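A short write-up of the structure that comes next.
Keep in mind the model is a prediction, meaning the values are calculated, not measured. Naming convention: chains lettered A, B, ... in sequence-line order (proteins, then strands); numbering from 1 in each chain. Every heavy atom of this structure was used, including side-chain atoms; hydrogens, water molecules and symmetry mates were not.
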Amino acid sequence: MNVHALVHARIIAALQALQSDGALPPGLDFTNVEVSPPRDAAHGDLASNAALVLAKTAKMKPRGIADKLVMKLKAMPEVQSIEVAGAGFINMRFAPGFWQSVVAAVLKERAAYGRVDLGKGERINVEYVSANPTGPMHVGHCRGAVFGDALVNLLRFTGYDVTAEYYINDSGAQVDALARSAYLRYREVLGEDIGEIPPGLYPGDYVKPVGAVLAKDYGRTLLDTPEDRWLPLVRDAAIAAMLVQIKEDLASLNVKHDVFFSERSLTLGHDEIKATIEELRNKGLVYEGRLPPPKGHDDGEWEDREQTLFKSTDFGDDVDRALMKSDGSYTYFAADMAYHHNKLGRGFLHLINVFGADHAGYLTRVKAAVAALSDGKADLDIKVCQLVKLFRAGEPVRMSKRAGTFVTLREVVDEVGRDPVRFMMLYRKNDAALDFDLAKVLEQSKDNPVFYVQYAHARAKSVFRNAGEVFPHLKEGSPDVLNADLSCLDDPGEIDLIKRIAAFPELVEGAARAHEPHRVAFYLYDLAAAFHGQWARGNDLPHLRFIQPNDGTLTAARLALIEANAHVLASGLALLGVLAPDEMR
RNA sequence: GGCCCCGUAGCUCAGCGGAUAGAGCACCUGAUUCCUAAUCAGGGGGUCGCAGGUUCAAGUCCUGCCGGGGUCGCCA
């Protein structure tokens with residue numbers, strides 16, 4: 001049951017009926033007709049802008065349309081009151097019986113409550129994390145990982161066939177540097193004094209085990225081998241080891257990808273990068289030319305030369321983008337173009353990429369590439385996750401990759417736990433910077449929204465445990481609860497809680513459309529607050545307590561409400577990938 | 001200098017083009033013989049960075065400034 005959708009459909013039907021009656025002109029565009037809860041609850045439960053939106057094209061006064069619409073809508077059985085307000089808003093208020101029926105619907109639909117079939121089974125590819133396989137994931141990767149994972153959950157919940165994908169940047173200079181670092185560690189294991197790790201290589205201790213594995217697998221045989229022979233072997237071993245670690249890091253956050261796509265696989269057999277470039281060349285979008293030097297900062301290294309360029313300026317980019325490095329190898333962008341070409345070739349018409357803030361400047365050219373490669377038929381949404389600043393009790397945590405003091409994802413998860421990390425990473429809009437305080441996130445107080453929401457769920461479960469001592473037949477999901485006489489739920493606080501529950505499907509739909517999982521987190525906080533509030537009212541007013549030892553009928557109805565509340569809390573937390581505990585200990 | 005993100009209460013932040021802009025923290029006042037007080041109720045606190053524009057309607061969209069952060073051919 002989706003209250004919002006139901007009312008919206010009723011309004012559209014009423015508008016069409018007015019057209020049949022000749023009271024409204026034909027050919028009106030209803031797409032901007034919306035239904036939304038008014039900011040001020042005194043205005044009612046739901047309001048519509050229909051009359052305001054249609055006034056101009058219908059060549060009628062807003063209030064004139066509104067009055068006619070109200071006459072039609074008055075017949076709605078759910079409606080308790082309906083009136084025209086302000087410039088032409090239609091404010092509706094629904095009868096308690098209508099809200100009570102929402103509880104019954106939630107109990108019937110259970111985990112399916114809130115599902116909206118936006119995707120209609122269409123396939124969509126969500127690429128996220130995609131960190132270099134040159135070391136463990138650091139805390140900055142956390143946010144993209146959690147964001148992507150929650151977005152995948154949200155899209156699956158709303159009817160999309162989602163492929164969660166990780167692009168492994170396993171070619172280019174960085175993985176060669178990793179291989180050389182591993183080779184040094186290999187020589188170290190065999191007893192050589194390797195001294196300082198040279199600049200440009202990876203000094204971290206995490207490379208040492210790779211050296212040990214190499215020594216075990218190859219003995220001393222690689223020592224006398226020239227670099228062009230050992231490098232591919234060492235590189236493969238090092239990348240494989242890093243990927244194992246990355247997958248473990250992701251698993252610690254409960255983040256799962258369906259596909260790990262290797263950049264190097266693009267050129268292993270058939271050269272897909274070359275094919276992609278040629279395809280664009282045939283479309284007139286790749287050419288040989290020169291770029292102006294970057295403005296505004298002196299770059300002594302700048303060398304003017306003719307190069308292979310993609311005409312991204314045709315798609316709104318500032319400059320055309322290089323596809324070949326001066327040594328003849330492909331740029332990262334050229335490979336990434338081929339990768340997106342590959343995604344399109346696998347039949348994806350909907351693509352989402354999750355980027356870190358440092359890649360924000362890369363966004364336009366990727367969109368340009370997808371537009372060019374799909375002839376505008378595919379859509380790509382790029383979500384940029386802004387920086388995460390790490391604090392401990394208000395003090396910034398200094399990080400330096402060079403000094404080896406950067407904080408890994410694993411350290412954060414081990415220190416504060418998976419649920420707080422996930423929730424806090426989602427308790428902020430993706431494009432706003434995030435301060436993450438390792439000390440505060442562990443405080444089990446109302447300062448911490450994670451525990452606040454989880455506690456609401458645990459509290460709901462606790463009510464059932466306690467109710468069972470008085471009314472053994474009133475178990476969760478029992479017929480006596482499911483068939484309770486819901487007309488007892490007439491306290492304003494109870495109705496408010498139901499209204500909050502009733503808003504869930506619309507909230508999910510909006511979050512999925514906008515690709516904004518944080519909306520779910522904020523919604524859950526509000527829902528939890530409504531529930532905690534109703535609970536506490538029982539402190540002052542004993543007749544509002546959920547368990548009424550002398551009234552099994554009333555208790556059953558309130559338990560039904562609590563069960564519906566718990567269902568929605570659990571569904572929402574599941575979308576965020578956060579546990580909904582039965583008790584807090 | 002170009003481009004991207006942010007700017008809303010003292011602080012951290014929500015806010016889908018809609019009506020008198022919200023929450024948490026902090027501060028003040030109150031609630032525990034009672035289902036977990038890990039909670040709740042009440043109070044004060046705002047030129048939504050500035051200036052224009054579009055619109056019946058702008059915190060929200062557009063343009064230009066100001067401030068903070070990020071990024072800037074052959075790193076990924």
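- Remark: A/K461 engages A/E476 in a side-chain hydrogen bond (donor to acceptor under 3.5 Å, both in side chains) (not counting sequence neighbours).
- By the salt bridge (Lys or Arg N to Asp or Glu O under 4.0 Å) test, A/D249 pairs with A/R410, sequence neighbours left out.
- By the 6.0 Å contact criterion, CD on A/E395 is open, its count of non-hydrogen atoms from other residues, nucleotides or ligands being 12 or less.
- Within 4.0 Å of A/E34, counting heavy atoms only, lies no atom of the nucleic acid at all.
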Protein-nucleic acid N or O pairs under 3.5 Å, nucleotides 3-8 of chain B:
unit_1 : atom_1 : unit_2 : atom_2 : d
B/rC5  : O2'    : A/D431 : O      : 2.5

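- Across all strands shown, A/N539 has heavy atoms under 4.0 Å from base atoms, whether or not it also approaches the sugar-phosphate.
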What donor-acceptor contacts under 3.5 angstrom involve side-chain atoms of residues 463-472 of chain A, with partners at least two apart or in another chain?
unit_1 : atom_1 : unit_2 : atom_2 : d
A/R465 : NH1    : A/D582 : O      : 3.1
A/R465 : NH2    : A/D582 : O      : 3.3
A/N466 : ND2    : A/S462 : O      : 3.0
A/N466 : ND2    : A/S462 : OG     : 3.4

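- A/F315 meets the ring-ring contact (aromatic ring centres under 6.0 Å, His included) test with no other residue; sequence neighbours excluded.
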Between the protein and nucleotides 56-65 of chain B, list every N/O to N/O distance that falls short of 3.5 Å.
unit_1 : atom_1 : unit_2 : atom_2 : d
B/rC56 : OP1    : A/K56  : NZ     : 2.7

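- Residue A/N466 has a polar side-chain atom (N or O) positioned under 4.0 Å from OP1 or OP2 of B/rU36.
- Residue A/W535 places no side-chain N or O under 4.0 Å from the OP1 or OP2 atom of B/rU36.
- In this structure the side chain of A/M424 reaches within 4.5 angstrom of the side chain of A/P449, judged on heavy atoms.
- Between A/Y330 and A/N49, the residue anchored closer to the 5' end of RNA chain B is A/N49, taking for each the nucleotide with the nearest heavy atom.
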For residues 34-54 of chain A, tabulate all N or O donor-acceptor pairs below 3.5 Å that involve a side-chain atom, not counting sequence neighbours.
unit_1 : atom_1 : unit_2 : atom_2 : d
A/D40  : OD1    : A/A42  : N      : 2.9
A/D45  : OD1    : A/K499 : NZ     : 2.7
A/D45  : OD2    : A/F94  : N      : 2.8
A/S48  : OG     : A/E34  : O      : 3.0
A/S48  : OG     : A/A50  : N      : 3.1
A/N49  : OD1    : A/E34  : N      : 2.7
A/N49  : ND2    : A/N32  : O      : 3.3

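- For A/R305, counting side-chain heavy atoms from C-beta on, the closest listed nucleotide (B/rA76, B/rC74, B/rA37) is B/rC74.
- Within the 4.0 Å cut-off from OP1 or OP2 of B/rC40, at least one side-chain nitrogen or oxygen of A/Y452 is found.
- A/R235 pairs by the side-chain hydrogen bond (donor to acceptor under 3.5 Å, both in side chains) definition with A/D176, not counting sequence neighbours.
- Evaluation of A/F451 against the base of B/rA38 yields no stacking contact (centre distance < 5.5 Å, interplanar angle < 30° required).
- Regarding contacts with the backbone of B/rU36, a side-chain N or O of A/S462 is found under 4.0 angstrom from either OP1 or OP2.
- Taking 4.0 angstrom as the limit, A/K325 places a side-chain polar atom (N or O) nearer than this to OP1 or OP2 of B/rA76.
- Here B/rU39 is the nucleotide among B/rU39, B/rG70, B/rA19 with the atom lying nearest to any side-chain atom of A/Y455.
- Applying the ring pair (Phe, Tyr, Trp, His ring centres under 6.0 Å) rule to pairs touching residues 544-565 of chain A yields A/F531-A/F546, sequence neighbours excluded.
- Residue A/R428 places at least one side-chain N or O under 4.0 Å from the OP1 or OP2 atom of B/rC13.
- Proximity note for A/E263 (side chain, C-beta onward) versus B/rC35, B/rA19, B/rA76: the nearest is B/rA76.
- Base pairing in RNA chain B yields stems of at least 3 consecutive Watson-Crick or G-U pairs, both distances under 3.5 Å, namely B:1-7 with B:66-72, B:10-13 with B:22-25, B:27-31 with B:39-43, B:49-53 with B:61-65.
- Considering only residues two or more places apart in sequence or on other chains, A/N91 meets the side-chain hydrogen bond (donor to acceptor under 3.5 Å, both in side chains) condition with none of them.
- You'll find a donor-acceptor pair under 3.5 Å spanning the side chain of A/H359 and the base of B/rA76, going by distance alone.
- Considering only residues two or more places apart in sequence or on other chains, A/D327 meets the side-chain hydrogen bond (donor to acceptor under 3.5 Å, both in side chains) condition with A/S329.
- Residue side chain A/D526 does not reach the base of B/rA14 through any donor-acceptor N/O pair under 3.5 Å, judged by distance alone.
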